[in-house]
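Treat the numbers as computed from the prediction; the structure is a model and nothing was measured.
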Amino acid sequence: MKSIDIKGVGRTANGKKGAKLTRREGYVPCNIYGEKKGDNGLPVAESFAVKTEDLRKLVYTPDIFVVNLDIDGTPHKAVMKELQFHPVTDRILHIDFYEVTEQKPIIFEVPIKLNGLADGVKAGGKLVANVRKLKVKAPYTQIPDRLNIDVTSLALGKTIKVAELSFEGLELITSPSVVVCQVKMTRSAISAAAKEQ
């Protein structure tokens with residue numbers, strides 16, 4: 001997993017009014033959830049804000065990052081957990097971060113990469129990725145940038161499901177029945193098969 005450095009400033013003005021004011025000043029309101037727990041046993045959020053332009057490399061990319069957060073001089077290692085955009089302007093409205101340690105496993109969505117030329121594609125089919133990411137569980141240090149999936153032996157009309165995959169050091173959380181990719185029949189493949197009969 002790649003890393004990125006981001007500086008934040010603590011914010012005391014919370015709620016809708018405080019968030020609006022923060023955005024007007026060119027910042028994005030953020031929360032970080034960590035090891036700290038409240039009286040009810042639930043994680044306690046620390047509120048802070050980050051300059052909008054400082055978040056572009058983290059948000060507008062297919063890559064996944066561990067974030068070296070500096071909030072008023074206090075360092076935190078975190079991953080981005082939830083992201084809210086404005087429904088019309090697509091402006092970043094809010095980000096939730098989750099503090100990570102080298103020991104504690106986290107659940108994270110990792111992009112997939114299909115490698116190789118599938119046998120079914122050679123036979124005239126079309127390779128289709130049904131999902132772009134898979135959920136995995138592992139300490140953040142073991143989470144890769146991509147999940148590489150070899151499709152070379154995938155035949156025409158066949159699929160690869162999550163149940164057929166395994167990655168060292170990772171527990172797959174996505175349902176085993178989910179179809180990751182498939183080689184679909186095309187008109188040319190159907191006519192070629194008809195000629196062979």
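The 12-atom threshold is not exceeded at CD of E168, counting heavy atoms of other residues, nucleotides or ligands nearer than 6.0 Å. For K81, the NZ atom is densely surrounded, since the number of other residues' heavy atoms within 6.0 Å is greater than 12.
Under a hydrophobic clustering in which Ile, Leu, Val, Met, Phe, Trp and Tyr are joined whenever their side-chain heavy atoms come within less than 4.5 Å, directly or via other members, Y33 and L93 fall into different clusters. Using a 4.5 Å cut-off between side-chain heavy atoms of Ile, Leu, Val, Met, Phe, Trp and Tyr, with links allowed through other members, V178 and I160 fall into the same hydrophobic cluster. Residue Y27 is not grouped with residue L21 when hydrophobic side chains (ILVMFWY) are merged at heavy-atom distances under 4.5 angstrom, including chains of intermediate members. Taking hydrophobic clusters as Ile, Leu, Val, Met, Phe, Trp and Tyr residues chained together by side-chain heavy-atom distances below 4.5 Å, L117 shares a cluster with I149.
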For E53 and R56, what are the C-alpha separation, side-chain angles and deciding distance, and is it a side chain to side chain contact (heavy atoms under 4.5 Å, CB included)?
CA-CA 6 Å; E53 62 262 31; R56 295 192 191 285; 4.3 Å; yes
Could you check C181 against L154 for side chain to side chain contact (heavy atoms under 4.5 Å, CB included), going step by step and ending with a plain yes or no?
CA-CA 9 Å; C181 62; L154 193 58; 4.1 Å; yes
Side chain to side chain contact (heavy atoms under 4.5 Å, CB included) between F108 and I64, worked out
CA-CA 9 Å; F108 210 74; I64 57 174; 3.7 Å; yes
Intermediate values then yes/no, side chain to side chain contact (heavy atoms under 4.5 Å, CB included), Y140 and K77
CA-CA 10 Å; Y140 83 90; K77 266 205 192 309; 3.0 Å; yes
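Contact of the P139 side chain with the E102 side chain is not registered, since no non-hydrogen atoms from C-beta on lie closer than 4.5 Å. When side chains are defined from C-beta on, V180 counts as touching L165, because their heavy atoms get closer than 4.5 Å. Side-chain contact between R91 and R23 is present, with at least one heavy-atom pair separated by less than 4.5 Å. Under the 4.5 Å side-chain criterion, counting only non-hydrogen atoms from C-beta, P144 is not in contact with V136. At least one side-chain heavy atom of I143 sits less than 4.5 Å from a side-chain heavy atom of I106.
For the atom pair D150 CG and K113 NZ, the distance stands at 11.0 Å (nearest 0.5 Å). Atom NZ of K7 and atom CG of N68 lie 12.0 Å apart (nearest 0.5 Å). Of the inter-residue distances, the one linking S175 atom OG with L134 atom CG reads 11.0 Å to the nearest 0.5 angstrom. Residue E109 holds its CD atom at 9.5 Å from CZ of R132, rounded to the nearest 0.5 Å. Rounding to the nearest 0.5 Å places NZ of K51 at 11.5 Å from CD of E25. For the atom pair Q182 CD and K161 NZ, the distance stands at 10.5 Å (nearest 0.5 Å).
The minimum heavy-atom distance linking G169 with A138 is given by the pair O-CB, 3.5 Å. When every heavy atom of G116 is checked against every heavy atom of T152, the shortest pair comes out as CA-CG2, 3.6 Å. Nearest heavy-atom pair, P29 versus T22, reported as atom, atom and distance to 0.1 Å: N-CG2, 4.1 Å. Contact between V131 and V179 at its shortest, heavy atoms only, is CG1-O, 4.2 Å.
Grouping Ile, Leu, Val, Met, Phe, Trp and Tyr residues whose side-chain heavy atoms lie under 4.5 Å apart, directly or via other members, places M80 in a hydrophobic cluster with I4, I6, V28, I32, F48, V50, L55, L58, V59, Y60, F65, V67, L69, I71, L83, F85, I92, I95, F97.
With hydrogens and angles ignored, the 3.5 Å screen pairs a side-chain donor or acceptor of T174 with a backbone N or O of K135. In terms of modelled atom types and a separation under 3.5 Å, the side chain of H76 and the main chain of A78 share no donor-acceptor contact. Not one N or O on the side chain of T61 forms a donor-acceptor pair closer than 3.5 Å with the backbone of K57.
For N31 and E46, the side-chain atoms include no donor-acceptor pair closer than 3.5 Å. In this model, a donor atom of one side chain and an acceptor atom of the other lie less than 3.5 Å apart for N115 and N148.
Looking at residues two or more places apart in sequence or on another chain, you find a salt bridge (charged side-chain N to carboxylate O under 4.0 Å, His left out) between K122 and D119. Residues satisfying the salt bridge (charged side-chain N to carboxylate O under 4.0 Å, His left out) test with D63, not counting sequence neighbours, are K2, R146.
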